[in-house]
Amino acid sequence: MTKAKRKRLIYNLVTFGLVIGAFIILENMIAAKAISRSLKGQLVPICAWIIMAVSLNLVIGFSGELSLGHAGFMSIGAYTGAVVSGWLVAAFDMQDPILRLVLTILAGGILAGIFGVLIGIPVLRLRGDYLAIVTLAFGEIIRNLVNVLYIGTADGNLHFAFLNKEMPANVTMLVDGAKGAVKIKPISTFEVGFVLILITLLVVLNLVNSRAGRAIQATRDNRIAAESMGVSVTKYKMMAFVTAAVLAGMAGALYGLNSSTVVPTQFTFNQSINVLVFVVLGGLGNVLGSIISATFLTVLPEVLREFADYRMLVYAVVLILVMIFTNNPTTRAIADRLFAPVKKLFHKDRRETAGGGDVK
Amino acid sequence: MIFLDNLINGLSLGSIYAIIALGYTMVYGIARMLNFAHGDVIMVGAYIAFCGLQYWGLPPVLAFVVAMLFCTCLGITIEGLAYRPLRQATSLAVLITAIGMSYLLQNIALMIWGANPKSFPTTFINGSSIRLGQLNISTAAIITILANVVIMVGLTLFTSRTKLGKAMRCVSEDRGAAELMGINVNRTISLTFAIGSALAAIAGILLCSSYPILQPTTGSMPGIKAFTAAVFGGIGSIPGAMLGGILLGVIEIFGKAYISTELGDAIVFAVLIIVLLVKPAGLLGKPMREKV
């Protein structure tokens, strides 16, 4: 086993271990009723945000493209979840909540994935700033369209309407335009959320460490070099983009079925920026970092009520400072010097064993 | 008549987009970065003008000048503090910083002025209108369109005739070569930000004279749409920004009037996507070659 492989294995094991450990502790706390009500209510959203952050990290950190419309995929998932869940009850009288939840999450993921492909085909032909602004545009278009979308069930059939509400008389509305998805029966559970996180981690970590994942990272590091080595840039960027879209759709379904209503204003550009902050603060390309920062930044505003007013202000400052400190040559040199003793401590034995084997 | 009314509204809105788009396009052309915070400089300019009139009791002209000066300083400060340290960084890092800056401005405005929308005073440009037969043209629309033409001509003359303007064009063409020719690149970029931000202040005041609701998020949507306009016209090109802005304004107003009010924004963004797919360099832009 090479050193790089061992390092990766340890990283993956630590990531899974921490997630599973946290889950076991939380489950025991819930069983012992040692957990506050507000935190318990936060558990499912935390799961959803972790999945959002990890999937966005796949796009930004690994394929190196800035997607500003991630909340759009989440909203597709949330709406699909609300509609499918309502339809399954109305058409098939399906009462088992777990089965219904799993089916709706799958549906949310698939539909978001289809949109991911549709959006990805034009978007991924572009580069850099253009790509970012077009993903933003798509996010806004999705929000705009959902605002005038009406879906209802009558006699077990789904009825769709666009722009104007033309529905049969005995209809039960599932999605009611600007009012959003209404009368959802909350069926999301923490356990399903946890399993979804594990699936996300399995997918993302496996993808990143595979041949395809290396190709994705190669297109990020140097597009021209990767292309000349025969890596199809569009194909691999598409792979990362669509995988992230599917995961975001699943997270959206989980999130949407956690409350009784979903409104279009929940999935604005601001929400995409929120997830971006999770990713940047956790570290671009660092899955474990995304998990930790998503968790803390979701819990923190709840715990520190006074802090909630300044949340976006602090986020903004954090974004700027993290970017300057990690990208400016001067600040990087200072940071390297500051952390040098710490780094030496960890890397000491490795340098001795490596001998002259590493050539830079 | 309704058609002509819409056309004039579209031209007026488009002129505002065009003025904002000029700021985007100049900064993008020279610093190769998407200044996401540009839209929020508009909002700051409008708030300063609002304060000047409402709280400090300044005459309109003076309030206008104060807002412009403030935004100019703000633009230079933003560039110096946040963007200059990242001159060599990847475009991803710069873009994320710019988004952070946009949120910072919005939230500072939220803390100072609160979330409640303020109604922008009509003392700048009074709400009167001119009648031409059956047509009602508001003074605000006329002034906006005229201001747009003046700015456009002024900027074109500035970049083609003056030494500073030529330096700006040099830097946008080849930064390294410009530096070798003795052009102070940092100062030129600062100057670009200063001009762009002063234009943003003008745009903010014009925007709020036509749509007098002022809140911390006032600038973000017009900002994004103006960027769309800049891309539409070909980013980096001053006449392109003008053309793109006006076309986009007309498309938005007509889309809202004849297709659907709710889908106005979606139509604008759909235009952006179609343009980027069919003509990625924009209407008047030159396609950029990639050097290995």
Side-chain angles (χ1 to χ4, degrees), chain A residues 60 64-66 68 119 121-123 125-134 136-145 147-148 163 177-178 220 223-225 228 269-270 273 276-277 279-280 284 309-331, chain B residues 28 32-37 78 81-108 110-111 217 220-221 224-225 227-228 230-231 235 259-274 276-277 280 290-292:
Chain A
I60 301 182
E65 298 294 358
L66 186 56
L68 296 175
I119 293 172
I121 291 170
V123 162
R125 288 175 47 184
L126 306 166
R127 248 168 256 152
D129 297 343
Y130 284 116
L131 189 143
I133 206 87
V134 169
L136 189 163
F138 268 116
E140 289 297 308
I141 290 177
I142 289 172
R143 195 169 62 87
N144 251 285
L145 294 182
N147 235 337
V148 289
L163 278 177
R220 170 198 63 188
R223 203 185 54 83
I224 297 170
S228 58
F269 176 55
N270 282 9
I273 299 297
L276 176 70
V277 174
V279 173
V280 170
L284 294 176
D309 288 344
Y310 300 100
R311 190 175 59 121
M312 286 315 282
L313 186 74
V314 174
Y315 279 11
V317 175
V318 163
L319 271 184
I320 298 171
L321 288 184
V322 168
M323 277 302 133
I324 291 180
F325 271 93
T326 50
N327 285 291
N328 184 265
T330 322
T331 52
Chain B
Y28 197 95
R32 292 271 161 249
M33 65 163 289
L34 167 50
N35 181 17
F36 220 88
I78 290 175
L81 283 183
Y83 302 152
R84 188 168 296 176
L86 295 173
R87 237 355 94 67
Q88 312 297 332
T90 57
S91 72
L92 180 73
V94 182
L95 189 53
I96 293 176
T97 312
I99 291 172
M101 192 44 87
S102 157
Y103 270 73
L104 187 65
L105 289 180
Q106 273 183 32
N107 281 285
I108 291 175
L110 189 68
M111 280 168 64
T217 51
S220 55
M221 207 22 108
I224 294 169
K225 285 184 188 161
F227 178 74
T228 306
V231 173
I235 203 141
I259 301 175
S260 155
T261 324
E262 287 103 340
L263 291 181
D265 292 352
I267 292 166
V268 169
F269 289 127
V271 168
L272 170 74
I273 292 159
I274 293 166
L276 280 180
L277 290 179
E290 201 170 352
K291 288 178 195 150
V292 183

K.L.:
Kindly indicate, with the supporting measurements, whether the criterion side chain to side chain contact (heavy atoms under 4.5 Å, CB included) is fulfilled by A/I141 and B/I273.
P.N.:
CA-CA 11 Å; A/I141 290 177; B/I273 292 159; 3.8 Å; yes

K.L.:
Side chain, backbone, both or neither: which part of B/I224 has a non-hydrogen atom closer than 4.5 Å to chain A?
P.N.:
side chain

K.L.:
Sub-3.5 Å donor-acceptor pair from the side chain of A/N328 to the main-chain atoms of B/P85, do we have one?
P.N.:
yes

K.L.:
Do A/L284 and B/L92 have side chains that get closer than 4.5 Å, going by heavy atoms?
P.N.:
yes

K.L.:
Please determine, among B/F269, B/F36, B/Y83, the option with the most heavy-atom pairs under 4.5 Å with chain A.
P.N.:
B/F269

K.L.:
Where is the tightest heavy-atom contact between A/M323 and B/L86, given as atom of each residue plus distance?
P.N.:
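Result for this residue pair: O-CD2, 3.7 Å.
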
K.L.:
Looking at A/I273, A/V134, A/V317, A/V280, which has the largest count of heavy-atom pairs under 4.5 Å with chain B?
P.N.:
A/I273

K.L.:
I want to check something: taking the side chain as every heavy atom from C-beta on, are A/L145 and B/L263 in contact at a cut-off of under 4.5 Å?
P.N.:
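Heavy-atom side-chain distance check passes, below 4.5 Å.
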
K.L.:
Check the pair B/I235, A/Y130 against side chain to side chain contact (heavy atoms under 4.5 Å, CB included), reporting the backbone distance first and the verdict last.
P.N.:
CA-CA 11 Å; B/I235 203 141; A/Y130 284 116; 3.0 Å; yes

K.L.:
Does any heavy atom of chain B fall under 4.5 Å from the side chain of A/L276, the backbone, both, or neither of them?
P.N.:
side chain

K.L.:
Does any heavy atom of chain A fall under 4.5 Å from the side chain of B/L276, the backbone, both, or neither of them?
P.N.:
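Both parts, backbone and side chain.
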
K.L.:
Write down the atom of A/N327, the atom of B/A93, and the distance for their closest heavy-atom approach.
P.N.:
ND2-CB, 3.2 Å

K.L.:
How long is the span from the CG atom in B/L110 to the CG atom in A/L313, to the nearest 0.5 Å?
P.N.:
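These two atoms lie 9.0 Å from each other.
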
K.L.:
Give, as side chain, backbone, both or neither, the part of B/M111 having an atom under 4.5 angstrom from any heavy atom of chain A.
P.N.:
side chain

K.L.:
Over all heavy atoms of both residues, which pair between A/A316 and B/G100 is shortest? Give the atoms and the distance, please.
P.N.:
CB-O, 3.3 Å

K.L.:
If I take atom CG from residue B/L81 and atom CD1 from residue A/I324, how far apart are they, to the nearest 0.5 angstrom?
P.N.:
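B/L81 CG to A/I324 CD1: 7.5 Å, rounded to 0.5 Å.
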
K.L.:
Checking A/I142 against chain B: side chain, backbone, both or neither under 4.5 Å from a heavy atom?
P.N.:
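For A/I142, no heavy atom lies under 4.5 Å from chain B.
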
K.L.:
Any side-chain donor paired with an acceptor under 3.5 Å for B/Y103 and A/N270?
P.N.:
yes

K.L.:
Could you tell me if the side chain of B/I99 sits less than 4.5 Å from the side chain of A/L68, heavy atoms only?
P.N.:
yes

K.L.:
To the nearest 0.5 angstrom, please state how far the CG atom of A/L319 sits from the CE atom of B/M101.
P.N.:
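Those atoms lie 11.0 Å apart.
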
